[in-house]
2 protein chains.
Amino acid sequence: MYTIGETAGLLGISAHTLRYYEKEEIIVPLRDTGGDRRYTESHIKWLQFVIKLKETQMPIASIKKYASLVTEGEQTALDRLNLLAEHQRSVRAQIQMLQDADGMLTFKIASYRTLTEA
Amino acid sequence: MYTIGETAGLLGISAHTLRYYEKEEIIVPLRDTGGDRRYTESHIKWLQFVIKLKETQMPIASIKKYASLVTEGEQTALDRLNLLAEHQRSVRAQIQMLQDADGMLTFKIASYRTLTEA
DNA sequence: ACTTGACTTAGAGTTAACTCTAATCAATAT
DNA sequence: ATATTGATTAGAGTTAACTCTAAGTCAAGT
């Protein structure tokens, strides 16, 4: 069980952001007797997954959608599968685009090398 | 020579965005006798490059920086090389991160498949 | 002559995703 | 006993990158 500060530290995000994710219904932490948020190992795992989705450009709105499917339970498994499969296509498209850009940069950089070494 | 509308169509961005890039000093189009913007082939090529940088998450501020180096001329070639080399490192880091995410998604999706097919 | 559509400008509005502020409270450290 | 630390809330502010609005000019088509 972690406090909001510990959780933020562990994940490398701010406590502010954790409260924002809660407001967006992406995560629902427990509360201790004093009313403070408490995060379990399974909350942490879920947040790490959310952060991975974020890093790969999934918008908060889609993450929210996925989170709501998880909350709805077992019978949404197929919907979740489809959502992730769709996102995987987007991730692969991003990789392709970045590889093209990498090639272009290699070429540009080589031109500048020729220029500056001449 | 293209009008702003033609250029926008060619590049798949809006005329508004082209004016915005001009305000940010990323591009300086010519003007016809009526004062309307005119874009040459070389403007188009430059804009295509700018769009590639954008797609690969280079912030407008950095693109602006690069554009100003280009304007300054030959003697900034080494600075430009360094800027692009730095960006290439970022592009490669993005590719790496996306490939990890792709693996994770493959795993998650496989789990859901097992679940929904059982 | 009139309408249509593209262009001009300065500047306001939008969206996503935070990020911070203010005012307050509760537990711990000196 | 007081000071610090870290938590709480609602709601305001920020940043990047557009995106649009208003008010207007101008050329071409009917």
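Naming convention: chains lettered A, B, ... in sequence-line order (proteins, then strands); numbering from 1 in each chain.
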A/Glu74 atom CD: more than 12 heavy-atom contacts under 6.0 Å:
no
Which pair of heavy atoms, one from A/Leu115 and one from B/Ala77, lies closest together, and at what distance?
CD2-CB, 4.0 Å
Of the residues in residues 35-59 of chain A, which ones touch DNA chain D at a heavy-atom distance under 4.0 Å?
A/Gly35, A/Asp36, A/Arg37
Under a 4.0 Å heavy-atom criterion, DNA chain D is touched by chain B from D/dA17 to D/dT21
Please name all residues satisfying salt bridge (Lys or Arg N to Asp or Glu O under 4.0 Å) with B/Lys52, sequence neighbours left out, ordered by chain then number.
B/Glu55
Per the side chain to side chain donor-acceptor pair (under 3.5 Å) rule, what does the pair list look like for residues 3-13 of chain A, sequence neighbours excluded?
none
Which Ile, Leu, Val, Met, Phe, Trp or Tyr residues join A/Val28 in one cluster when any pair of side-chain heavy atoms under 4.5 Å counts as a link?
none
Over 60° means perpendicular and under 30° means parallel, so tell me whether A/Phe49 and A/Trp46 are parallel, tilted or perpendicular.
tilted
For A/Ser62 and A/His87, test the side chains for any donor-to-acceptor distance below 3.5 angstrom and give the result as yes or no.
no
Please list each protein N or O that sits under 3.5 Å from an N or O in nucleotides 25-27 of chain C, with the distance.
none

Within residues 7-20 of chain B, find the residues that approach DNA chain D with a heavy atom at under 4.0 Å, and present them sorted by residue number.
B/His16, B/Thr17, B/Tyr20
For residues 96-105 of chain A, pull every pair meeting salt bridge (Lys or Arg N to Asp or Glu O under 4.0 Å), keeping only residues two or more places apart or in separate chains.
A/Asp102-B/Arg92
Residues which pass salt bridge (Lys or Arg N to Asp or Glu O under 4.0 Å) with A/Asp32, listed by chain and number, not counting sequence neighbours
A/Arg38
Mind checking salt bridge (Lys or Arg N to Asp or Glu O under 4.0 Å) for A/Arg37 and listing every partner two or more places apart, or none if nothing turns up?
A/Glu22
With sequence neighbours left out, the residues meeting side chain to side chain donor-acceptor pair (under 3.5 Å) with A/Lys54 are none
Using the salt bridge (Lys or Arg N to Asp or Glu O under 4.0 Å) rule, collect all pairs that involve residues 78-88 of chain A, keeping only residues at least two apart or in two chains.
A/Glu86-A/Arg89
